[in-house]
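Computed from a predicted structure; not experimentally measured. Residue numbers run from 1 in the order of the sequence given.
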Amino acid sequence: MMALRERTLVSPRSVPSLPKHVRIQYDPVRQAFAVLSPEKVFWPNDISLDILRRCDGRATVGHIIAELAADYDAEQEAVATDVLAFLQEWSDKLLVKL
């Protein structure tokens, strides 16, 4: 019987990073960035890519939210909702480490 992995919940104190098996690579044919993982390719939009690029294993989610809110001249609460949901989804898919 296979053991279930306990779900890691993202919080403003989490320090996200990309696992070794995940990388961002530019595709000159599509003129877009792809997120590559074994047997899967994702085509993130610009905002998703902006979030992923900040997942460097040093910045907290709270810091990432503050930077994005400043960069996009947006309310921190609105940015926080989207960033937390995005990182949770990608963490659940094992594409982001928390």
Side-chain angles (χ1 to χ4, degrees):
M1 188 148 113
M2 199 165 121
L4 289 176
R5 180 178 74 92
E6 191 170 319
R7 184 180 192 212
T8 304
L9 297 178
V10 66
S11 81
R13 293 183 308 278
S14 301
V15 181
S17 63
L18 298 182
K20 287 181 178 36
H21 68 275
V22 175
R23 70 181 200 275
I24 299 170
Q25 183 172 311
Y26 186 73
D27 180 341
V29 175
R30 292 192 187 207
Q31 296 188 343
F33 283 92
V35 176
L36 307 176
S37 73
E39 301 177 23
K40 289 192 179 172
V41 177
F42 300 89
W43 299 96
N45 64 28
D46 289 344
I47 295 173
S48 298
L49 197 56
D50 227 1
I51 295 168
L52 291 171
R53 283 192 174 125
R54 294 168 199 260
C55 295
D56 58 9
R58 294 187 302 267
T60 64
V61 171
H63 185 78
I64 292 169
I65 289 166
E67 280 187 346
L68 289 168
D71 287 357
Y72 288 93
D73 194 25
E75 291 291 325
Q76 239 177 288
E77 292 76 24
V79 172
T81 301
D82 293 344
V83 170
L84 291 168
F86 174 81
L87 289 174
Q88 187 65 62
E89 179 184 341
W90 280 60
S91 170
D92 290 348
K93 293 178 182 175
L94 305 179
L95 296 169
V96 169
K97 283 194 309 188
L98 298 174

Q) Given the rule that I, L, V, M, F, W and Y join up when any side-chain heavy atoms are under 4.5 Å apart, are W43 and L36 in one cluster? A) yes

Q | Single-linkage hydrophobic cluster, 4.5 Å side-chain cutoff, L49 and Y26 together | A | yes

Q.
Taking side chain to side chain contact (heavy atoms under 4.5 Å, CB included) as the criterion, tell me which of V35, V22, L52 meets it with V96.
A. L52

Q: State yes or no: do F86 and V61 share one hydrophobic cluster built from I, L, V, M, F, W and Y residues joined by side-chain heavy-atom distances below 4.5 Å, directly or via other members?
A: yes

(Q) Counting only heavy atoms from other residues, nucleotides and ligands, does the tally under 6.0 Å from CZ of R53 exceed 12? (A) yes

Q) Should R7 and D92 be marked as a side chain to side chain contact (heavy atoms under 4.5 Å, CB included) after you check the CA-CA gap, both sets of side-chain angles, and the distance that decides it? A) CA-CA 7 Å; R7 184 180 192 212; D92 290 348; 2.8 Å; yes

Q) Sub-3.5 Å donor-acceptor pair from the side chain of H21 to the main-chain atoms of L94, do we have one? A) yes

**Q.** Between CD on residue Q88 and OG on residue S11, distance to nearest 0.5 Å
**A.** 10.0 Å

(Q) Is any side-chain heavy atom of L98 closer than 4.5 Å to one of S91? (A) yes

Q: Is it possible for you to say whether L84 and Y72 belong to one hydrophobic cluster, with membership spreading through side-chain heavy-atom contacts below 4.5 Å?
A: yes

(Q) Within this structure, what is the CG-SG distance for the pair L87 and C55, rounded to the nearest 0.5 Å? (A) 5.0 Å

(Q) How close do A59 and P16 get, counting heavy atoms only, and between which atoms? (A) O-CD, 3.5 Å

Q) Taking I51 as the fixed residue, which of I65, D46, L68, D82 is the one that meets the side chain to side chain contact (heavy atoms under 4.5 Å, CB included) rule? A) L68

Q | Within one Ile-Leu-Val-Met-Phe-Trp-Tyr cluster: I64 and V15, side-chain cutoff 4.5 Å | A | no

Q) Checking E67 side chain against G62 main chain: does a donor-acceptor pair fall under 3.5 Å? A) no

